Amino acid sequence: MISHSISELLSNNAILPEVEIKGWVRTFRANRFIALNDGSTINNIQCVVDFENTDEATLKRITTGASVHIKGELVESQGKGQNVEIVVSSIKILGDSDPETFPIQPKKHSFEFLRENAHLRTRTNTFSAVMRLRSALSFAIHKYFNENGFYYMHTPVITGNDAEGAGEMFRVSSLDAKNPPLKEDGNVDFSKDFFGKETNLTVSGQLEAETYAMSLGKVYTFGPTFRAENSNTSRHLAEFWMIEPEVAFMDLAGNMDLAEDFMKFILKYILDNNREDLEFLEKRLLDEEKTKPQAERSGMSLIEKLNFVIDNNFKRVSYTEAIDILRNSTPNKKKKFKYIIKEWGSDLQSEHERFLVEKHFKCPVILFDYPANIKAFYMRLNEDGKTVRAMDILFPGIGEIVGGSQREERLDVLKEKMAALDIDESELWWYLDLRKYGTAVHSGFGLGFERLVMFATGMGNIRDVIPFPRTPQNAEF
Ligand code: 4AD
Ligand code: MG
């Protein structure tokens, strides 16, 4: 007898005399009907127990959360709601679950409660669907790059540089925190630390990825990144996953084309391959929307939203145009924005990004050519001397989902920029070398993986799309 997955049995529709499955009991009704799930699909399989020939003690142990091993016959279902079901010939309880204390009861739980039980929350339909989609999206990402001639590169997690220059890093040290070695001036002596210098968890693999782009041509990274920014929002994590392609001989226009094609491919992949999970999440979202005031409802269902992104061109708008639109917008004039846009040069907040995407253009937007002084040091300076070849992709409901740029490939301009920002050349000597030996136009971007998963699943809080979220004051599990 072969062990089956529930997904196989349900999609098979064949009638089989002998099947064997293992899974967790979702519900047990009328001492007769087990709804069993094994994680292979959002759907449960119904297993019909012959309660007259099953001993009382076993029946008592079939509780929500228990793991069981079932053998039986796959037959056409007599009841509604499923095509096939299993008539149980033998059931073995593998692991009991106390119904009094098992946190995941067969009822609606709040996402806050489930976050506190993140080790068990994938026993629910919503979280199992979200995490299956997370897995499918990451597969689709590798598939896209693999099919398009990119090499997958593993960049270091521990680094000595601050790639984004924002100073929001977690220190990595093996020094005694209570009694660190000190230099004569009273500062900590990091030359005595494990690596002989100050190190931190990476905020981005980009700078290292640039070294490989300048030899292998087209590369990408997909790994964890860490930011010690104290933003307790529904879109920020202290530990998140980022995808960073980097391509030699590609300019900003090529970078935008790549990002758009890539985003469309991965969203289409899940529409083609993960329909049932998407349909479940779409329904969940519709129910949630019904509880919101009309003005806050999105007007599009989840699957419509995904199709909309795939079928429409992303609108490309310069920062300067965007500032004009925002300055003349109703919420700016009526002081409805928390941060009023007064002049060219102001940084955009998520309220402005969402206005542009959701109210003004009503489609994904690529903003480009930002003021140099609100962007990172490595972005290529434009001929105007005040803007850089940056691009951010803004998505409805999310705001910034991608950040990228054409990189400064001119040694003298890059050195000047670093000097102006007080970035030590000796720390990035190898990065400068790329500009000395065969420098070339090159570009890349970073896609925040969890923001993508939020968009693809319709989940409203980034803490609910990563297995064990790390946020300020929280590193449980
Ligand atoms: O815009 P960012 O900071 O760009 C970079 O790190 C570049 N080095 C990327 C590159 O050009 N190779 O971050 C890129 C994306 C953002 O657009 C956002 O989606 C996500 O990473 N992101 C976060 N996601 C969750 N939590 C945070 N704290 C995030 N910070 C950035
Ligand atoms: Mg950014």
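Keep in mind that what you see is a predicted model, and the values were worked out from it rather than measured. The first residue in the sequence is number 1, and the count goes up from there. Indexing begins at 1, ligand by ligand and atom by atom, following the structure's order.
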Novice: For atom 11 (O) of ligand 1, which of Arg407, Glu164, Glu246 has the closest heavy atom?
Specialist: Arg407

Novice: Could you tell me the residue and atom name of the protein heavy atom closest to atom 26 (N) of ligand 1, and the distance to it rounded to 0.1 Å?
Specialist: Leu237 N, 2.9 Å

Novice: Would Ala163 count as a contact residue for ligand 1, given that I'm defining contact as a non-hydrogen atom of the residue lying under 4.0 Å from a ligand atom?
Specialist: no

Novice: Quick one: do the Tyr144 and Asp261 side chains pair a donor with an acceptor below 3.5 Å?
Specialist: yes

Novice: Answer yes if the side chains of Thr225 and Trp241 hold a donor-acceptor pair under 3.5 Å, and no otherwise.
Specialist: no

Novice: For ligand 1, note which part of Glu244 has a heavy atom under 4.0 Å away: side chain, backbone, both or neither.
Specialist: side chain

Novice: To the nearest 0.5 angstrom, please state how far the CD1 atom of Ile323 sits from the CD atom of Glu343.
Specialist: 9.5 Å

Novice: Less than 3.5 Å apart, any donor N or O on the side chain of Ser301 or Glu282 sitting next to an acceptor on the other?
Specialist: yes

Novice: Side chains of Glu8 and Ser40: do they bring a donor and an acceptor to under 3.5 Å?
Specialist: no

Novice: Does Phe377 have Lys417 sitting over its ring (NZ/CZ under 6.0 Å from centre, angle to axis within 45°)?
Specialist: no

Novice: Would Glu353 and Gln349 count as having a side-chain donor-acceptor pair, cut-off 3.5 Å?
Specialist: no

Novice: What atoms in ligand 1 come closer than 4.0 Å to a heavy atom of Arg235?
Specialist: 25 (C), 26 (N)

Novice: Is it true that Asp369 and Ser318 share a donor-acceptor pair across their side chains at a distance under 3.5 Å?
Specialist: no

Novice: Check whether any N or O atom of Val203, backbone or side chain, sits under 3.5 Å from an N or O atom of ligand 1, and answer yes or no.
Specialist: no

Novice: Check each atom of ligand 1 against the heavy atoms of Gly404 and keep those under 4.0 Å away; list them by number with element.
Specialist: 11 (O)

Novice: Of the backbone atoms (N, CA, C, O) and the side-chain heavy atoms from C-beta on, which set of Phe240 has a member under 4.0 Å from an atom of ligand 1: side chain, backbone, both, or neither?
Specialist: side chain

Novice: For ligand 1, which atoms have a heavy atom of Glu229 less than 4.0 angstrom away?
Specialist: 27 (C), 28 (N), 30 (N)

Novice: Phe145 and Tyr152: ring-ring contact (aromatic ring centres under 6.0 Å, His included), yes or no, with the steps?
Specialist: CA-CA 8 Å; Phe145 287 125; Tyr152 180 29; 9.1 Å; no

Novice: Looking at atom 19 (O) of ligand 1, what's its closest protein heavy atom, distance included?
Specialist: Ile401 O, 2.8 Å

Novice: Where is the nearest protein heavy atom to atom 15 (C) of ligand 1: which residue, which atom, and how far?
Specialist: Gly446 O, 3.6 Å

Novice: Side chains of Thr387 and Asn382: any donor to acceptor distance under 3.5 Å?
Specialist: yes

Novice: Show which atoms of ligand 1 fall inside a sub-4.0 Å distance from at least one heavy-atom site of Met242.
Specialist: 6 (O), 13 (O), 14 (C), 15 (C), 21 (O)

Novice: Determine whether the side chain, the backbone, both or neither of Val402 has a heavy atom under 4.0 Å from any heavy atom of ligand 1.
Specialist: backbone

Novice: May I ask you to list the atoms of ligand 1 that are less than 4.0 angstrom from any heavy atom of Ile462?
Specialist: 25 (C)

Novice: Just jot down the ligand 1 atoms closer than 4.0 angstrom to any heavy atom of Gly403, in number order.
Specialist: 1 (O), 9 (C), 10 (C), 11 (O), 17 (O)

Novice: Would you mind telling me if ligand 1 is within reach of the side chain of Phe226, the backbone, both or neither, using heavy atoms under 4.0 Å?
Specialist: neither

Novice: Got the closest protein heavy atom to atom 18 (C) of ligand 1, with its distance?
Specialist: Arg451 NH1, 3.6 Å

Novice: So which protein heavy atom does atom 1 (O) of ligand 1 come closest to, and at what separation?
Specialist: Glu400 OE2, 3.0 Å

Novice: Using a 6.0 Å distance limit plus a 45 degree cone around the ring axis, check whether Lys436 lies over the aromatic ring of Trp429.
Specialist: no

Novice: Give the atom numbers and elements of ligand 1 that come within less than 4.0 Å of a heavy atom of Tyr378.
Specialist: 7 (C), 8 (N)

Novice: Do Lys143 and Tyr269 meet the cation-pi criteria used here (NZ or CZ under 6.0 Å from the six-membered ring centre, within 45° of the axis)?
Specialist: no

Novice: Give the residue, atom name and distance (to 0.1 Å) of the protein heavy atom nearest atom 20 (C) of ligand 1.
Specialist: Gly448 CA, 3.6 Å

Novice: Are side-chain N/O atoms of Tyr431 and Glu210 paired as donor and acceptor at under 3.5 Å?
Specialist: yes

Novice: How are the rings of Phe222 and Phe449 set relative to one another: parallel (under 30°), tilted (30 to 60°) or perpendicular (over 60°)?
Specialist: perpendicular

Novice: So which of Arg227, Glu168, Gln206 gets nearest to atom 6 (O) of ligand 1, if we judge by its closest heavy atom?
Specialist: Arg227

Novice: Between Leu447 and ligand 1, does any nitrogen or oxygen pair lie at a separation below 3.5 Å?
Specialist: no

Novice: Strictly under 2.8 Å of the Mg ion (ligand 2): which protein N/O/S atoms qualify?
Specialist: Glu400 OE2

Novice: We want to know whether Arg284 and Asn125 form a side-chain donor-acceptor pair, criterion being a heavy-atom distance below 3.5 angstrom.
Specialist: no

Novice: Could you tell me whether the side chains of Arg235 and Ser350 share a donor-acceptor contact shorter than 3.5 Å?
Specialist: yes

Novice: Measure centre to centre between the rings of His352 and Phe337, then say whether the value is under 6.0 Å.
Specialist: yes

Novice: Is the ring pair His360/Phe355 parallel, tilted or perpendicular, if the boundaries are 30 and 60 degrees?
Specialist: tilted

Novice: With only distance considered, is Ser405 within less than 3.5 Å of ligand 1 through an N or O on each side?
Specialist: no

Novice: Ser204 versus ligand 1: do any nitrogen or oxygen atoms come within less than 3.5 Å of each other?
Specialist: yes

Novice: Have a look at ligand 1 and work out which part of His236, if any, has a heavy atom under 4.0 Å from it: side chain, backbone, both or neither.
Specialist: both

